[in-house]
Amino acid sequence: MIDIRFINANHKLVKAAVQNKNEKADIDSIMALDEERRGLQFVFENLRKLQNQASQEIASIKRAKGDASQLLQEMGEMAAEVKNLNQKLAEINQRLEAMLLGVPNIPAAGVPVGKDESANRVVKSWGEKPEFDFEAKDHLTIAEANDLLDLPRGAKISGSGFPVYKGLGAQLERALINFMLNYHIHHHHYTEVSVPLLVNRQTMIGTGQLPKLEDDMYHVDLDDLFLIPTAEVPVTNLYANEVLPGDSLPIKHVAYSACFRREAGSYGKDTRGLQRLHQFNKVEIVRFVKPEESQQALDEMVQEAERILQAFGLHYRVVELATGDLSFASEHTYDLEVWAPGTGRYLEVSSVSCFGDFQARRAGIRYRAADGKPAFLHTLNGSGLATPRLMIAILEHYQKQDGGVHFKDILKVML
RNA sequence: GGAGAGUUGCCAGAGCGGUUGAAUGGGACGGUCUCGAAAACCGUUGUAUCCUUACGGGUACCCAGGGUUCGAAUCCCUGACUCUCCGCCA
């Protein structure tokens, strides 16, 4: 959430951000409504002041056993007015809040400006595309030959996009999750948390998935709960509406979770095999830091995600997202795209983002600053990593000419 | 799912519908005392927002949302959460 005072003071900047992010929040209406709100608020507070004073008077009259009926009658009329104003004010506040929740975060300075991913900037490339002295097969072909997946049966019991991993495929995926968790715990000093997969509406608003992306979320109507699209949601909201001691920062959490995405509007896009799924597994890293430390934290987290790919010797590139490709809540994001030699494409396996105080403001996550006052902290998170596309890259990278897979080499990395 | 109890400031814990933003105790911070420390004593100690250059002042907040009332931490309703008991169950 963007502070309304910041909007009032920097409306040009905010409007530019809205446009550059292809959003459509109406900043002028927000400012107009806020002005109306402030006016009403002022009137209301003055009225309340009178009312409070009169109440004191009535109290003292009654204590002196005097007659307060005159004043009581006057106050009766005022009470009606106060009530009326209060209702109006509540209604405006609600509308303003709703509009404010629709204002995206502002891209960080230096983020490439552009309307879509074509303006993204490749900032780094690591490793080389592997050379095979045979025709490289894609992961689906490899999976079939080795009985690693059973996608048709997944589709039967749930629908397409709900994969069934089988045999060595299932074991490999489980091992990857465990490997990545341990890596971040032991090498990068994250504290593991295991969190709920269903969260309430407020939690989804806190990290910025709602109200914008409700159609992309699986929802349990009866309980008004949402299946998480990423562990970012429960983990970031762990500290919602808290004031954390300054010396507890930075807080670093790693979590494994299943992730659920409806992927509305992306039917038929990149659907082959494990490329795009409704359910997948992911290890997520999340940090809560002081504002002055978030820039460095972002760089570190990108490197932490990179090390997983480096461990497997997979060629990848780091892409700095342009404004139009940034998520609603993000102000600065780097994607890791791993090379899948059989598929012949770079696949996004990680997205590392700094949210500034945008999420902290929405979720009410604060820390006790050096001056003793509560202040909003900064949140960051990154995939470290998502398993399906990592599986794709690994299977295609470690394939053998005879259609098999160098499982022993993969295992060696994880030991 | 059923029955009951509870939710107050950093913590514990009072609170009659009116002078309660909230007793009291603890903690923390500052001071006196001391060579220093402890003890004792004194003082300070919530958040948000508005007005004000400042000093200072206003408003709101006692789980959340409604209601009653001139006035609600205090009464009523709904919801969330915690605890106890019963039922069911991995």
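The structure displayed is predicted, hence computed values, not measured ones. Throughout, a chain's letter reflects where its sequence line sits, starting with A, and its residues are numbered from 1.
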What is the separation between atom CG on A:Asn241 and atom P on B:A48, rounded to the nearest whole Å? 13 Å

Residues A:Pro163 and A:Leu274: closest non-hydrogen pair is CB-CD2, 4.0 Å

Could you tell me how far B:G46 sits from B:C42 if I compare only their C1' atoms? Round to whole Å. 23 Å

How far does the C1' atom of B:G79 sit from the matching atom of B:U7, given to the nearest Å? 14 Å

Determine the interatomic distance between P on B:A37 and the same-named atom on B:A28; round to the nearest Å. 15 Å

When the C1' atoms of B:C63 and B:G27 are considered, how many whole Å apart are they? 24 Å

Can you tell me if A:Arg38 touches the phosphate of B:U49, counting only side-chain N or O atoms and a distance under 4.0 Å to OP1 or OP2? no

Winner on side-chain proximity to A:Arg48, out of B:U47, B:C70, B:A60, is B:A60

Taking the C1' atom of each, how far is B:G57 from B:U8, in whole Å? 27 Å

Paired to B:A54 by Watson-Crick or G-U wobble criteria (both distances under 3.5 Å) is none

If you check every side-chain atom of A:Asn52, which of B:G58, B:C70, B:A60 has the closest atom? B:A60

Separation of B:A60 C1' from A:Phe44 CZ (nearest whole Å): 8 Å

Whom does B:A72 pair with, Watson-Crick or G-U wobble, provided both distances fall under 3.5 Å? none

Could you pull out all residues at least two apart from A:Asn52 that satisfy side chain to side chain contact (heavy atoms under 4.5 Å, CB included)? A:Arg48

Could you say whether A:Ala90 or A:Arg366 is positioned toward the 5' end of RNA chain B, judged by the nucleotide with the nearest heavy atom to each? A:Arg366

Whichever of A:Arg63 and A:Lys49 has the more 5' nearest nucleotide on RNA chain B, that residue is A:Arg63

Regarding A:Lys49 and A:Glu45, does a basic nitrogen lie under 4.0 Å from an acidic carboxylate oxygen? no

Measuring only the C1' atom in each nucleotide, how far is B:U19 from B:A72? A whole number of Å is fine. 16 Å

Can you tell which of B:U47, B:U19, B:C70 lies closest to the side chain of A:Gln56? B:U19

What is the distance, rounded to the nearest whole Å, between atom CG of A:Leu40 and atom C1' of B:U49? 16 Å

Separation of the C1' atoms in B:G21 and B:A14, to the nearest angstrom: 15 Å

Out of B:G58, B:G18, B:U68, minimum distance to the side chain of A:Glu45 belongs to B:G58

Taking any strand in view, what nucleotide pairs with B:G21 in a Watson-Crick or G-U wobble way, both distances under 3.5 Å? none

Looking at A:Gln51, I want to see if its CD is surrounded by more than 12 non-hydrogen atoms of other residues, nucleotides or ligands under 6.0 Å. yes

Could you tell me how far B:G15 sits from B:C62 if I compare only their C1' atoms? Round to whole Å. 10 Å

May I ask you to decide if the ring planes of A:Tyr190 and A:His188 are parallel, tilted or perpendicular, using 30° and 60° as cut-offs? perpendicular

May I ask which nucleotide in the shown strands pairs with B:G4, Watson-Crick or G-U wobble, both distances under 3.5 Å? B:C83

Scanning both residues in full, the closest heavy-atom pair of A:Glu396 with A:Pro341 reads OE1-N, 3.4 Å

With both distances under 3.5 Å as the test, what is the Watson-Crick or G-U wobble partner of B:G36? none

Under 3.5 Å for both donor-acceptor distances, Watson-Crick or wobble: does B:G43 have a partner, and if so which one? B:C29

Identified pairing partner of B:U78, criterion: Watson-Crick or G-U wobble below 3.5 Å: B:A64

Would you check if there is a donor-acceptor pair between the side chains of A:Glu320 and A:His332 at a distance under 3.5 Å? yes

Among B:G67, B:G18, B:C70, the nucleotide that comes nearest once only the side chain of A:Gln87 is considered: B:G67

Partner set under side chain to side chain contact (heavy atoms under 4.5 Å, CB included) for A:Asp67, not counting sequence neighbours: A:Ser69

Between B:U59 (P) and A:Phe42 (CZ): distance, integer Å: 12 Å

Separation of B:C10 atom C1' from A:Arg368 atom CZ, nearest Å, is 9 Å

Given B:U19, B:U47, B:C70, the nucleotide with the shortest approach to the side chain of A:Ile58: B:C70

Just to be sure I understand the rule, does A:Arg37 reach a base, reach only the sugar-phosphate, or reach nothing, if contact means heavy atoms closer than 4.0 Å? nothing

Whole-Å distance between B:C29 P and A:Asp371 CG? 18 Å

Give none if B:A48 has no partner; otherwise give the nucleotide forming a Watson-Crick or G-U wobble pair with it, both distances under 3.5 Å. B:U59

What does A:Asn46 touch in the nucleic acid at a heavy-atom separation under 4.0 angstrom: a base, only the sugar-phosphate, or nothing? nothing

From CG of A:Asn93 over to P of B:C50, roughly how many Å is that when rounded to an integer? 12 Å

Whole-Å gap separating C1' (B:G66) and CG (A:Leu89): 17 Å

Determine the contact category for A:Ala79: base if any of its heavy atoms lies under 4.0 Å from a base atom, sugar-phosphate if only primed atoms, P, OP1 or OP2 are that close, otherwise nothing. sugar-phosphate

Reckon A:Gln51 touches a base, only the sugar-phosphate, or nothing at all at heavy-atom distances under 4.0 Å? sugar-phosphate

